[in-house]
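This report concerns only the one structure given below.
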Amino acid sequence: MPPTQRRRFAAAAALLAATLLSGCAGSGGKTGKSGGEPALGPVSMNPATISLSFPMDAYMDTDGERGRMDAAQYRLTAQCMARYGFPYEQPAKPATGGATSKEDRHQNMFGINDPAYAAAYGYSLDSGRARPPRPTQPQLSDSASTVLHGQRPDDKGQGNPGPMSDEEAQVADSGITVGGQKVPAGGCQREGYRKLYTPTKDSVDLLFTFGLASEAHTRAQEDSRVVDVLAKWSGCMAKAGYGGVKSPYEVVQTLGIGDDPAGPKAIAVATADVACKREVNLVGIWAAAEKAYQERLVEEHAETLALYKKQRDARFKLAASLA
C-alpha cells in the first residue's frame with residue numbers, strides 16, 4: 001500500500017440555544033458502558049471545528065505526521081531497492097508556498113460550517129485554488145519494476161502482497177529472483193510498508209483506529225439527539241427554499257450543484273446551510289455526541305489502543321532515524 005494509495009470525510013443562535021442545550025445536551029439518553037445512548041458532556045455553542053478535539057485524535061496522524069510517515073516509507077523502499085543496485089528517489093512534491101496555518105482536522109466532519117468560507121467558496125473543497133499536480137513517478141527498467149512491485153511487468157495478475165508482517169516476510173519465498181537475489185514478497189514497495197507499519201505479527205492493523213472513529217461517527221448520527229437536531233436543520237433549510245435535504249452530506253447531490261460547487265447557487269445554498277447549522281447548534285450537539293461515542297469505544301478497546309499507541313510511537317522513532 002504505497003502512500004499515494006492511502007491518500008484523505010468533513011450567525012448567532014440565541015433563539016433556540018436554551019431549548020437545545022437543555023433538551024439535547026442533558027442526560028436524556030440511556031446510559032451504560034455499551035448499551036443505550038451515552039450522556040453528553042458540555043455542549044459548546046456553534047464551535048469552530050478547528051477548536052474541537054476528540055478522544056480518537058490521540059491515535060490519528062496529523063497531515064504533518066502522515067507526510068513524515070510517507071517519507072519514511074519511501075526511504076525504506078529506497079534502501080530495499082539499493083540492495084539490488086537500483087536507485088529509487090521519492091517523487092518531488094509541489095511547493096506549498098511557505099508555512100501553513102494550523103490544521104483543522106475536523107473541518108468536514110459535519111459538512112460546511114464556516115460562514116466566511118461558505119460565502120467565498122460555497123461547497124468547493126479547494127478554497128478556490130487549483131489542485132496541485134500529482135508527483136511524477138520515476139521511470140523504471142523492467143528489472144527495477146519487478147523488484148519494486150514484486151511481480152514482472154508482463155504479469156497481468158494482481159501480484160502476491162506476501163505475508164502481512166515483516167517478521168513473517170523474513171522467511172517467505174516470493175519465487176522471483178533478480179540479479180541472483182530473491183525479491184521480497186510483494187516487492188520493495190511492500191517491504192517498505194511492512195517495516196514501517198507491520199514489523200511484527202502482533203502489529204495492530206493501520207486501519208483499526210479509522211474503523212473505531214468511523215463506528216463512533218455512525219453511532220453518533222443515529223443518536224436521537226443528533227437525529228433531532230438534523231431534523232431541525234433540515235426544516236430550516238426547507239424554510240430557506242432548499243427542501244428535501246436530510247443530511248449535510250447530501251446537500252450538493254440533492255440540490256444538483258455538484259457541477260459548479262463554487263458558483264452563485266452553491267454559495268447561496270452554502271450560506272443558508274451554515275446559517276441553519278448555527279441556528280440549531282448542529283455542530284455543538286453533534287460534536288458532543290461524537291465525543292461521547294468515541295469515549296465509549298476508547299474504553300472498550302483500551303488494551304488494543306494501548307498496543308497501537310506503543311507501535312505508533314515506534315514508527316515515529318523509526319521515521320526520525322531515517323530523516
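Along the sequence shown, the residues carry numbers beginning at 1. Keep in mind that the numbers below use all heavy atoms, side chains included, and drop hydrogens, waters and symmetry copies. It should be emphasised that the depicted structure is a prediction, and the values quoted were computed from it without experimental measurement.
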Arg225 with Asp223: basic N within carboxylate O range, under 4.0 Å:
yes

Does the side-chain contact (heavy atoms from CB on, under 4.5 Å) test come out yes or no for Leu76 and Glu191, once each step is laid out?
CA-CA 8 Å; Leu76 289 168; Glu191 179 180 293; over 6 Å; no

Passes side-chain contact (heavy atoms from CB on, under 4.5 Å), Ser143 versus Phe86? Steps please.
CA-CA 9 Å; Ser143 294; Phe86 299 117; 3.7 Å; yes

Beyond-backbone contact of His301 with Leu212, side-chain heavy atoms, under 4.5 angstrom
yes

Can you tell me if Thr209 uses its side chain to pair, donor with acceptor, with the backbone of Met60 under 3.5 Å?
no

Verify, without hydrogens or angle tests, whether Ser321 (side chain) and Leu318 (backbone) share a donor-acceptor contact under 3.5 angstrom.
yes

Where Lys277 and Phe110 come nearest, the two heavy atoms and their spacing
CE-O, 2.9 Å

Assess, by modelled atom type and distance only, whether the side chains of Gln221 and Thr218 contain a donor and an acceptor separated by less than 3.5 Å.
no

Quick one: pull up CH2 in Trp286 and CD in Glu290 and give me the separation to the nearest 0.5 Å.
7.5 Å

Of the non-hydrogen atoms in Pro42 and Ala288, which two are nearest, and what is the gap between them?
O-CB, 4.2 Å

Heavy atoms of Leu196 and Met69 approach each other most closely as CD2-O, 3.5 Å

Keeping the roles fixed (side chain from Asn281, backbone from Ser44), state whether a donor-acceptor pair exists under 3.5 Å.
yes

Should Ile285 and Val227 be counted in the same cluster of Ile, Leu, Val, Met, Phe, Trp and Tyr side chains packed under 4.5 Å apart?
no

Any sub-3.5 Å donor-acceptor pair from Gln294's side-chain atoms to Met56's backbone N or O?
yes

So how far is it from Leu206 CG to Arg312 CZ, rounded to the nearest 0.5 Å?
10.5 Å

Quick one: closest heavy-atom pair of Pro38 and Ala292, and the distance?
CG-CB, 3.7 Å

Between the CG atom in Asn46 and the CZ atom in Arg278, the distance rounded to the nearest 0.5 Å is 4.5 Å

Considering only NZ, NE, NH1 and NH2 on the basic side and carboxylate oxygens on the acidic side, decide whether Asp228 and Lys232 come within less than 4.0 Å.
yes

Return the minimal non-hydrogen interatomic distance between His106 and Leu52, and the atom names on each side.
CD2-O, 3.6 Å

With side chains defined as the heavy atoms from C-beta onward, is the minimum distance between Pro184 and Arg190 less than 4.5 Å?
no

Quick one: does any side-chain atom of Glu65 pair with a main-chain N or O of Thr62 as donor and acceptor, under 3.5 Å?
yes

Is Asp166 paired with Lys195 through a side-chain N to carboxylate O contact shorter than 4.0 Å?
yes

Is there side-chain contact between Leu148 and Leu140, with at least one heavy-atom pair below 4.5 Å?
yes

Would you check if Pro47 and Val283 make a side-chain contact, meaning some heavy-atom pair closer than 4.5 Å?
yes

Arg219 and Arg296: CA distance, side-chain angles, deciding distance, side-chain contact (heavy atoms from CB on, under 4.5 Å) verdict:
CA-CA 11 Å; Arg219 292 186 185 184; Arg296 175 178 285 178; 4.0 Å; yes

Quick one: does any side-chain atom of Thr146 pair with a main-chain N or O of Asp142 as donor and acceptor, under 3.5 Å?
yes

I'd like to know if the side chain of Asp273 pairs up with that of Tyr123 as donor and acceptor (distance under 3.5 Å, no hydrogens or angles considered).
yes

If two hydrophobic side chains count as joined below 4.5 Å and joins carry through other members, does Ile267 share a cluster with Val245?
no

Between Lys182 and Asp173, does at least one N-O distance fall below 4.0 Å, as a salt bridge requires?
yes

Arg315 charged N/C atom sitting above Tyr308 aromatic ring, 6.0 Å / 45°:
yes

Sub-3.5 Å donor-acceptor pair from the side chain of Gln73 to the main-chain atoms of Ala319, do we have one?
no

Side chain proximity check, Phe208 to Leu305, heavy atoms < 4.5 angstrom:
yes

Using a 4.5 Å cut-off on heavy atoms from C-beta on, say whether the side chain of Glu167 contacts that of Thr198.
no

Check for a donor-acceptor pair, side chain of Ser124 on one end and backbone N or O of Tyr121 on the other, with a separation under 3.5 Å.
no

Quick one: do Asp313 and Lys309 satisfy salt bridge (charged side-chain N to carboxylate O under 4.0 Å, His left out)? Show the steps, please.
CA-CA 6 Å; Asp313 290 343; Lys309 187 176 187 305; 3.4 Å; yes

With hydrophobic residues grouped by side-chain heavy-atom distances under 4.5 Å, do Tyr293 and Leu297 end up in a single group?
no

Roughly how far apart are Cys276 SG and Glu279 CD, rounded to 0.5 Å?
6.0 Å

Parallel, tilted or perpendicular: which fits the ring planes of Tyr249 and His217, with parallel below 30° and perpendicular above 60°?
tilted

Heavy-atom side-chain proximity of Gln107 to Ile112 below 4.5 angstrom
no

Hydrophobic clustering (ILVMFWY, side-chain heavy atoms < 4.5 Å, transitive) - are Phe316 and Leu322 grouped together?
yes

Electrostatic pair Arg68-Asp61, nearest N-O below 4.0 angstrom:
no

Same cluster for Leu307 and Val298 if Ile/Leu/Val/Met/Phe/Trp/Tyr side chains link at under 4.5 Å?
yes

Would you find a donor on one side and an acceptor on the other, under 3.5 Å apart, between the side chain of Asp57 and the backbone of Phe54?
yes

Roughly how far apart are Gln151 CD and Ser145 OG, rounded to 0.5 Å?
8.0 Å

What's the separation between atom CZ in Arg194 and atom OG in Ser165, rounded to the nearest 0.5 Å?
8.0 Å

In sequence, state the C-alpha distance, the side-chain angles, and the governing distance for Tyr84 and Cys188, and then conclude on side-chain contact (heavy atoms from CB on, under 4.5 Å).
CA-CA 10 Å; Tyr84 299 83; Cys188 284; 4.2 Å; yes

When every non-hydrogen atom of Pro248 is compared with those of Leu282, the smallest separation belongs to CG-CD1, 4.5 Å

Short question: side chain of Gln311, backbone of Asp202 - any donor-acceptor pair under 3.5 Å?
yes

Answer yes or no: is there an ion pair linking Glu250 with Lys246, defined by an N-O contact shorter than 4.0 Å?
no

